[in-house]
Amino acid sequence: MKIDLVTIFPQLFLPHLETGMWAIAQKKGIVQFGIYDLRNYTENQHRTVDDYPFGGGPGMIMKPGPIFRAIEALTANSPQPPPLTILLSPQGEKLNQELVKELSELPWLILLCGRYRGVDQRVREKLVQREISIGDYVLTGGELPAMVLIDAVIRLLPGVLGDLDSAKEDSFYEGLLDCPHYTRPQNFRGLKVPPVLLSGNHQEIRRWRRRKALELTLEKRPDLLPQANLSKEDLDYLAQIGYHQQPGGERWI
Ligand code: 9WO
């Protein structure tokens, strides 16, 4: 997968590119990053990327010119299928694991990071295919959300997680919260590990983990349950602990 970033702060991405899973994925050739400094696509001596809003009001707007030139330059005579250009903004559709999965299956993403009060509307209309939000809060720019999106996407790329199964076992796989985890020591300051995990009985362990995931999800995020991938046994257990299927639950298995 190719991931191109268009930003006025390319240096923000560098530590991540050189660290951990991002660096490994790059080294293995699973992901190729391109970082494009928007100021290289300006046309005046001051390398201006922003200007006053027509109609007045607070804040500056990102000029369309540099953004159009940057994206045109990076898509010019490319043999690949066209990229999906994403604008990170609080106005976008909310990022969730389902959308992350969908994006992880594309060959080429362009992430456009706004600053100031946002981009000229014509950028949205002509260059951007999807506008994505990582949550309902305002930051100072789209770079941190772009990093969140990249981080979520690259861990799903085949070959990035050493243990092939770990993405399937993680929280949100099948739409439930993750079960509790323990490591050594067995007794930490008198706090003991649940005996079932030490039993060696893998069927019992699987069942305990599933039940804990169901309990946690019911307690903390019951809104996830109607969309979760649940078996008859899951439903029976949920019923025992006080959950009853909502109307419209035909999607349950
Ligand atoms: C700036 C500003 C200045 C004066 C008055 C009002 C103002 N609103 C903003 C503003 O919303 N700035 C945004 C900063 C413009 C787009 C890039 N920025 C951004 C992206 N902040 N938060 C995000 C973001 C992106 C994805 N998910 C969550 C938040």
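Please read these numbers as outputs of a predicted model, since none were measured by experiment. Values reported hereafter were calculated over all heavy atoms of this structure, with side chains retained and with hydrogens, waters and symmetry mates removed. We count ligands from 1, going down the list as the structure has it; atoms in each ligand are counted the same way.
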Visitor: Would you please say whether a donor-acceptor pair under 3.5 Å links the side chains of R206 and Q203?
Guide: no
Visitor: In the hydrophobic cluster built from side-chain contacts under 4.5 Å, what are the other members alongside V193?
Guide: Y182, V196, L197, L198, I205, W208
Visitor: Cluster partners of I61, using ILVMFWY side-chain heavy atoms under 4.5 angstrom, listed by chain and number?
Guide: none
Visitor: Is any side-chain heavy atom of I86 closer than 4.5 Å to one of L103?
Guide: yes
Visitor: Protein N/O near ligand 1 N/O, under 3.5 Å, which pairs?
Guide:
from, atom 1, to, atom 2, distance (Å)
ligand 1, 12 (N), Y116, O, 2.8
ligand 1, 21 (N), L139, N, 3.1
ligand 1, 21 (N), L139, O, 3.1
ligand 1, 22 (N), L139, N, 2.9
ligand 1, 27 (N), I134, N, 2.8

Visitor: Using a 3.5 Å distance criterion without hydrogens, assess whether the side chain of R39 forms a donor-acceptor pair with backbone atoms of I8.
Guide: no
Visitor: Can you list every ring-ring contact (aromatic ring centres under 6.0 Å, His included) pair that touches residues 27-70, not counting sequence neighbours?
Guide: W22-F33
